[in-house]
Amino acid sequence: MVTARPLGALSVDEMLAAARARLVRLTPRQAFREVSLGGVLIDIRPAAQRAEQGEIPGSVIVERNHLEWRLDPGSDARLPWVAGYDHRIIVFCVDGYTSSLAAAALQDLGLHRATDVAGGYRAWVAEGLPSAAGGAGTATLAPGAAPAVSSPLASGPL
């Protein structure tokens, strides 16, 4: 078993720092304002987290494993409204870590205005911005995204 990091490999902390160096991250209030100017909030959390924590009304749910396919303007699996590269995509997750990596991946696709919400969903709620119960139907499910359904087997954040 190889236990030493291969030459040229990055740690997850290094990957995160590199992603964030490329982004102009938004506070929750800045993201809220940008949505009123045409920005699109993309929730990449899995269904279990949305069921437990809630959702942001008006957001679009594109789970992380589908993100690049749904938002690449050249993909046959893209969302119908993704017709060009100038969309203001604002990604969020629970705490703002995975969303930074996801926003950087969207920039790699050419979506140069993609960014994320610093602090994620938890910071959004802490700011008192609009939220709803998970599965309330206030967010739009993209194809392939699982609905947030409370489960007696839910064991907390993933």
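In this text the structure is predicted, and so the values were computed from the model without any measurement.
Remark: side-chain polar atoms of E52 are not paired, donor with acceptor, to backbone N or O of Q49 under 3.5 angstrom. Side-chain N or O atoms of D43 include none that pairs as donor or acceptor with a backbone N or O of I61 at under 3.5 Å. Judged by distance alone, with hydrogens and angles left aside, the side-chain atoms of R50 form no donor-acceptor pair with the main-chain N or O of G54 at under 3.5 Å. Not a single donor-acceptor pair under 3.5 Å links the side chain of S75 to the backbone N or O of L71.
Nearest heavy atom pair, residue V2 against residue A4, reads CG1-O, 3.5 Å. What you find for V117 and T27 is that their closest heavy atoms are CG1-C, 4.4 Å. Of all the heavy atoms in A83 and P73, the pair that sits closest is C-CB, 4.4 Å. Minimum heavy-atom separation, S99 to C93: N-SG, 3.4 Å. Residues G96 and R25 come closest through the heavy atom pair O-NH2, 2.9 Å.
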**Request:** List the steps and the verdict of side-chain contact (heavy atoms from CB on, under 4.5 Å) for R45 and Q53.
**Result:** CA-CA 10 Å; R45 297 173 299 151; Q53 299 162 354; 2.9 Å; yes

**Request:** Carefully, step by step, assess L67 and I42 under the rule side-chain contact (heavy atoms from CB on, under 4.5 Å).
**Result:** CA-CA 9 Å; L67 186 70; I42 302 291; 3.9 Å; yes

**Asked** Does the pair V35 and V40 meet the rule for a side-chain contact (heavy atoms from CB on, under 4.5 Å), with working shown?
**Response** CA-CA 6 Å; V35 168; V40 181; over 6 Å; no

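Expressed to the nearest 0.5 Å, how far NE2 of H66 lies from CG of L79 amounts to 11.0 Å. Atom CG in L23 sits 9.5 Å away from atom CG in L106 (nearest 0.5 Å).
Screening residues 94-111 for salt bridge (charged side-chain N to carboxylate O under 4.0 Å, His left out), with sequence neighbours left out, gives R22-D108, D95-R122. Residue pairs meeting the salt bridge (charged side-chain N to carboxylate O under 4.0 Å, His left out) criterion with at least one member in residues 32-42, sequence neighbours excluded, are E34-R88. The salt bridge (charged side-chain N to carboxylate O under 4.0 Å, His left out) analysis of residues 66-76, with sequence neighbours excluded, yields the pairs R64-E68. Among residues at least two apart or in separate chains, ring-ring contact (aromatic ring centres under 6.0 Å, His included) pairs with a member in residues 80-102 are W81-H87.
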Anything under 3.5 Å between a donor and an acceptor, one on a side chain of residues 123-149, the other on a protein residue two or more places apart or in another chain? List them.
residue	atom	partner	partner atom	Å
W124	NE1	P130	O	2.7
E127	OE1	R29	NE	2.9
T138	OG1	E55	OE2	2.7

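Grouping the Ile, Leu, Val, Met, Phe, Trp and Tyr side chains by contacts below 4.5 angstrom, directly or via other members, places V82 apart from W69. In the hydrophobic clustering of this structure, V60 does not group with L41; members are Ile, Leu, Val, Met, Phe, Trp, Tyr whose side-chain heavy atoms approach within less than 4.5 Å, directly or through other members. Put simply, L101 and V94 are part of two different groups of oily side chains (I, L, V, M, F, W, Y) that touch within less than 4.5 Å, one to the next.
In terms of the side chain to side chain contact (heavy atoms under 4.5 Å, CB included) criterion, residue partners of A9 (sequence neighbours excluded) are, by chain and number, R5, P6.
Within the 4.5 Å cutoff, the side chain of I44 has no heavy atoms near those of the E63 side chain.
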